[in-house]
Visitor: 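Once you've had a glance at the structure underneath, I'll fire off some questions.
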Amino acid sequence: VTISDGVQTIGNGAFQECYSAYFEQLPSSLRTIGDNAFRWCQTNTQRILPEGLLSIGKWAFSGCYYMQKVVLPSTLTSIDEYAFRDNSNLATVISHISHPFAINKNVFGRESTWNEETQRYDYTCAADLYVPEGTIDQYKSTEGWTVFSNIYEGELKEFTYLDLVYTYNTSSKVATVVKGENYNELKIVSIPSTIPVEGTEYPVKAIAGRAFSSTPITSVEIADGLETIGQEAFSNCEQLSRLSLPSTLITIESSAFNNCRRLAGITIPASVKTIGSNALSGCYNLETIEVADGNEAYESLGSNVIIERD
């Protein structure tokens, strides 16, 4: 779907529940996005909102399941309630707003734990927030933005190293694997512990959600240092038969290896604390699931079943 330049307003519910529609870059003329405008639109993996945009309505991008990245323009003056609610794959928010304004905690945040002191739920957001240089203290003290656990100053940049594409930030000093350079030709994935960028070694800490989803990879080897495998990172990799996980891995998010039909065995490192729902569902040839000695969160039950420890 292409929205022509000259359009200033996308009305309430304009594209709501257009589940399969892919939207090209929104026009620079756009000033207002109405309530529920793109709710449940589930194809776009990123949304770079244009400079000139002033306001985003309630639930505007809620339920955009595959959206991993959002870029907010410097011209925004308001974001209404639940605008980016229920986007479980959202990993990166880049804000160009130099003077952050207050937003509701539910714009990006989700209820986490009940706070006895306030008698309300606390809100959190697992995505990383990148903000302009010199503004981090403002964001950390402004209502609504405080739901982000990880806030970094400076630009999020891309770098290609040994056929893989990474994002990195000079403030956070870490890198994330986001995709293969030749996405549809990728067979063997080897992820190093660090990547060299302009004379600096950046530790590779995460694989982004859907980073290698539906690629023809057959083998994955991950060096120690990596801590997180994102949601659906290797889903539908039907040729994947060899997998080596690092001893530093902490989190395997939901559906990370969903439908890896040729995978016959996997060893869960002792370091793993969280395995999301359906992480290994659809792996019909999976004969052995081993949990390494010393894992405090999980244990093996038979040859291909693991359970949480009490």
Side-chain angles (χ1 to χ4, degrees), residues 25 45-51 53 67-76 79 84 87 89-101 103 107-109 124-142 144-183 189-212 222-231 233 246 248-251 253 271:
Q25 177 62 35
T45 58
Q46 66 176 11
R47 176 56 69 203
I48 302 174
L49 300 176
E51 286 293 323
L53 182 67
M67 186 161 60
Q68 301 171 27
K69 176 181 175 182
V70 172
V71 179
L72 304 175
S74 64
T75 51
L76 264 182
I79 307 174
F84 295 94
N87 294 326
N89 272 320
L90 186 62
T92 304
V93 177
I94 300 174
S95 175
H96 294 298
I97 302 167
S98 56
H99 298 287
F101 47 86
I103 59 176
V107 168
F108 290 102
T124 59
C125 181
D128 293 332
L129 174 63
Y130 294 87
V131 302
E133 295 283 355
T135 66
I136 191 168
D137 289 339
Q138 295 180 58
Y139 276 89
K140 286 184 174 181
S141 61
T142 301
W145 302 99
T146 57
V147 301
F148 289 92
S149 300
N150 300 315
I151 305 178
Y152 305 106
E153 285 188 327
E155 186 180 357
L156 187 64
K157 302 178 181 179
E158 279 195 358
F159 178 75
T160 300
Y161 179 67
L162 298 179
D163 298 325
L164 299 181
V165 180
Y166 300 80
T167 57
Y168 70 97
N169 172 263
T170 55
S171 174
S172 65
K173 302 293 186 185
V174 297
T176 297
V177 188
V178 293
K179 61 182 178 180
E181 186 177 25
N182 298 308
Y183 195 81
V189 171
S190 180
I191 298 174
S193 58
T194 64
I195 59 169
V197 183
E198 298 178 350
T200 300
E201 293 288 331
Y202 285 78
V204 180
K205 292 294 186 181
I207 300 171
R210 296 184 62 80
F212 299 99
I222 306 170
D224 284 348
L226 191 109
E227 297 177 352
T228 302
I229 297 176
Q231 193 165 8
T248 52
L249 186 63
I250 297 173
T251 302
E253 294 186 356
S271 55

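Predicted, not measured: the structure shown is a model, and the values here were computed from it.
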Visitor: Of all the heavy-atom pairs spanning Q138 and T142, show the shortest one and how long it is.
Guide: O-OG1, 2.5 Å
Visitor: If you apply the rule side-chain contact (heavy atoms from CB on, under 4.5 Å), what do you find for E158 with V165, and how did you get there?
Guide: CA-CA 7 Å; E158 279 195 358; V165 180; 3.8 Å; yes
Visitor: Start with the C-alpha gap between E227 and T251, add the side-chain angles, then the distance that decides, and say whether side-chain hydrogen bond (donor to acceptor under 3.5 Å, both in side chains) holds.
Guide: CA-CA 6 Å; E227 297 177 352; T251 302; over 6 Å; no
Visitor: Any side-chain heavy-atom pair from T194 and V204 closer than 4.5 angstrom?
Guide: no
Visitor: Give the C-alpha distance, both sets of side-chain angles, the deciding distance and a yes or no for side-chain contact (heavy atoms from CB on, under 4.5 Å) between V131 and I151.
Guide: CA-CA 7 Å; V131 302; I151 305 178; 4.1 Å; yes
Visitor: Could you tell me whether a side-chain N or O of S271 sits under 3.5 Å from a main-chain N or O of L249, the two making a donor and an acceptor?
Guide: yes
Visitor: Provide the closest heavy-atom pair for G144 versus V147 in the form atom of the first, atom of the second, distance.
Guide: O-CG2, 3.3 Å
Visitor: Just verifying a value: how many Å separate E155 CD and I94 CD1, rounded to the nearest 0.5 Å?
Guide: 7.5 Å
Visitor: Are the side chain of Q46 and the backbone N or O of K69 linked by a donor-acceptor pair below 3.5 Å?
Guide: no
Visitor: Nearest 0.5 Å, please: how far is CD in E201 from NZ in K173?
Guide: 12.5 Å
Visitor: With side-chain contact (heavy atoms from CB on, under 4.5 Å) as the criterion, how do V189 and F212 come out once you've worked through the C-alpha distance, each side chain's angles and the decisive distance to 0.1 Å?
Guide: CA-CA 9 Å; V189 171; F212 299 99; 4.0 Å; yes
Visitor: Between Q68 and G209 (side chain of the first, backbone of the second, donor and acceptor by atom type, cut-off under 3.5 Å), is there such a pair?
Guide: yes
Visitor: Whether the side chain of T248 engages the backbone of L226 through a donor-acceptor N/O pair (distance < 3.5 Å, no angle test) should be reported.
Guide: yes
Visitor: For a quick test of reading the model, state the closest non-hydrogen atom pair linking A223 to P246 and the distance between them.
Guide: O-CB, 3.4 Å
Visitor: Test L72 against every option in L49, I48, L129 by the side-chain contact (heavy atoms from CB on, under 4.5 Å) rule and name the one that passes.
Guide: L49
Visitor: Is a side-chain N or O of D163 found less than 3.5 angstrom from the main chain of G180, in a donor-acceptor match?
Guide: no
Visitor: Test D128 against every option in N150, N169, T92 by the side chain to side chain donor-acceptor pair (under 3.5 Å) rule and name the one that passes.
Guide: N150
Visitor: Does a donor on one side chain sit under 3.5 Å from an acceptor on the other, for T135 and E153?
Guide: no
Visitor: Find the distance between OG1 (T176) and CG (L156) and round it off to the nearest 0.5 Å.
Guide: 8.0 Å
Visitor: Look only at the side chain of T228 and the backbone of G230, and say whether a donor-acceptor pair between them is shorter than 3.5 Å.
Guide: no
Visitor: Quick one: closest heavy-atom pair of F84 and M67, and the distance?
Guide: CD2-CE, 4.0 Å
Visitor: Treating N87 as the side-chain partner and L90 as the backbone partner, does any N or O pair qualify as donor plus acceptor under 3.5 Å?
Guide: no
Visitor: Do you know which two heavy atoms are closest between Y202 and V174, and how far apart they sit?
Guide: CD2-N, 3.9 Å
Visitor: Check step by step if side-chain contact (heavy atoms from CB on, under 4.5 Å) holds for Y139 and I97.
Guide: CA-CA 10 Å; Y139 276 89; I97 302 167; 3.3 Å; yes
Visitor: Output the distance between atom OH (Y161) and atom CD1 (I191), rounded to the nearest 0.5 Å.
Guide: 13.0 Å
Visitor: Does any part of the side chain of Y166, heavy atoms only, come nearer than 4.5 Å to the side chain of P192, both counted from C-beta?
Guide: yes
Visitor: In Å, rounded to the nearest 0.5 Å, how long is the span from NZ of K179 to CZ of R210?
Guide: 13.5 Å
Visitor: What is the distance from atom NZ of K205 to atom OG of S172, rounded to the nearest 0.5 Å?
Guide: 11.0 Å
Visitor: How are the rings of W145 and F108 set relative to one another: parallel (under 30°), tilted (30 to 60°) or perpendicular (over 60°)?
Guide: tilted
Visitor: Show your working on ring-ring contact (aromatic ring centres under 6.0 Å, His included) between Y130 and Y152 and close with a plain yes or no.
Guide: CA-CA 5 Å; Y130 294 87; Y152 305 106; 5.4 Å; yes
Visitor: Check whether more than 12 heavy atoms from other residues, nucleotides or ligands sit under 6.0 Å from atom CD of E133, and answer yes or no.
Guide: yes
